[in-house]
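What follows is a set of notes on a single structure, which appears directly below.
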Amino acid sequence: MAADPGAAESPPADRDVFPSVLVIGAGTMGAQIAMVVALSGRTVCVTDIAADALDRARAELDSRMRARVDKGRLTQEQLDDAFARLTTTTDLAAAASDVDLVIEAVVERLEAKRALFAELDSLCPTATVFASNSSSFMPSQMADARPDRFINLHFFNPALVMRCVEVIRAPSTAQQTVDAAVAFVRDIGKEPVLLDKEIPGFIANRILNAVRDEAVSLMENGVASVSQIDLACRTALGYPMGPFELMDLTGIDIGYLIKKARFEATGDPADAPARSMSELVAAGHLGRKTGRGWYMYENGEKVGEA
Ligand code: 3HC
């Protein structure tokens, strides 16, 4: 997938679409999505049930964005302005009371998302549009509260860098909501990729999953090590990183939960999470964020195969 590290810093053309945004969930995705929105000139609030998750998100954004200033990609003033527009709170009710768009980026569990949108329906103004950053669940599975004002906006990791945002409408989504979402995505410096009909996993993750399944199968069958499979993908196929390196970046638990959800929906054994992935998740080796996944990491740097 092509990366455009400068995209998030493009000047906005029109800030009228969704000038005030609420991001729910201060994980890697939520934090970086919020910063992209703040850089576009909008006000953005990030909420999480855990105050320490908010502190971690702020600290991570701070060091990542400071590096951008040091590299001359952003002025200190632009960064200060963006941080001045970005607030954090654990008080969902207060944060939801006056926003134009909610972007949900919580754990990839359908019931958690559905419960959250039901609660938001009673907290947000009636005009507020609800969006989910789900990796796999279709909008129609979450849209009950606001059928015409619900859409999926699927960002990619790392959200500060990756240009694509998949825009997925439910059959009930109003055209006005789709048009506003597409304009918003363009205006925050990303490339909207519009699906004509919903399908679990959308476009990019379905293609990625096929590649990942083959990579894991080659490894489990003893054909080659994870580093050699990654090397082939980088040097033969021009991937910026191999499938195992990418799983470590996005979180092995994320890919595992996506496969688990698909398996639960289809019952097809081919959709079940691979044995080696299940073992890593059970052992808590989730990738870069835990210091160990398919590879080992020290101070954020890869130091060898696990
Ligand atoms: N967070 C934010 N920014 C990051 C980052 C991270 N984790 N990792 C790297 N970057 C930034 C760097 O700071 C650098 O910015 P700069 O140009 O301003 O200096 C820029 O990205 C390039 O980084 P590097 O030079 O260190 O390294 P690379 O050139 O290898 O790029 C990469 C890193 C952008 C992550 C690249 O390897 C890449 O594109 N990898 C593939 C990512 C991908 O496929 N993502 C999709 C995953 S699937 C998904 O997200 C779906 C979801 O549902 C699970």
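Computed from a prediction, not measured in an experiment: that's the story for all the values here. Quick note: numbers below take in every heavy atom, side chains included, and nothing from hydrogens, waters or symmetry partners. All ligand and atom numbering here is 1-based and tracks the order in the structure.
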> Is H154 in contact with ligand 1, taking contact as a heavy-atom separation below 4.0 Å?
Replying inline: yes

> Purely on distance, is any nitrogen or oxygen of R73 under 3.5 Å from one on ligand 1?
Replying inline: yes

>> Side chains of T266 and D271: any donor to acceptor distance under 3.5 Å?
In response: yes

> Which atoms of ligand 1 sit under 4.0 Å from any heavy atom of Q32?
Replying inline: 1 (N), 2 (C)

> Of the backbone atoms (N, CA, C, O) and the side-chain heavy atoms from C-beta on, which set of I258 has a member under 4.0 Å from an atom of ligand 1: side chain, backbone, both, or neither?
Replying inline: neither

> Under a heavy-atom criterion of less than 4.0 Å, does M29 contact ligand 1?
Replying inline: no

> Are R169 and E198 within salt-bridge range, i.e. N to O under 4.0 Å?
Replying inline: no

> Between K289 and D248, is there a salt bridge with N-O shorter than 4.0 Å?
Replying inline: no

>> Using a 4.0 Å cut-off to any heavy atom of P240, which atoms of ligand 1 qualify?
In response: 36 (C), 37 (O), 38 (C), 39 (O), 40 (N), 41 (C)

> Roughly how far, to the nearest 0.5 Å, is the CZ atom of R288 from the CD atom of E245?
Replying inline: 8.0 Å

> Side chain, backbone, both or neither: which part of T28 has a heavy atom under 4.0 Å from ligand 1?
Replying inline: neither

> Does anything in residues 106-141 pair up under ring-ring contact (aromatic ring centres under 6.0 Å, His included), and if so which pairs, sequence neighbours excluded?
Replying inline: F117-F130, F117-F150

>> Please compare V161, N133, L74, L61 and report which has the shortest non-hydrogen distance to atom 3 (N) of ligand 1.
In response: V161

>> So if I count the atoms of ligand 1 from 1 in the order they appear, which ones are less than 4.0 Å from some heavy atom of L208?
In response: 48 (S)

> Between R146 and D121, is the closest basic N to carboxylate O distance under 4.0 Å?
Replying inline: yes

> At a 4.0 Å threshold, what atoms of ligand 1 neighbour a non-hydrogen atom of F156?
Replying inline: 48 (S), 49 (C), 50 (O), 51 (C)

> Using a heavy-atom cut-off of under 4.0 Å, does the side chain or the backbone of N157 touch ligand 1, or both, or neither?
Replying inline: both

> What pairs of residues pass the ring-ring contact (aromatic ring centres under 6.0 Å, His included) test when at least one of them lies in residues 280-306, not counting sequence neighbours?
Replying inline: F244-W294

> With atoms numbered from 1 as shown, which atoms in ligand 1 lie under 4.0 angstrom from a non-hydrogen atom of L246?
Replying inline: 42 (C), 43 (C), 44 (O), 45 (N), 47 (C)

>> Do S40 and R42 pair up side chain to side chain, a donor and an acceptor below 3.5 Å, judged on atom types alone?
In response: yes

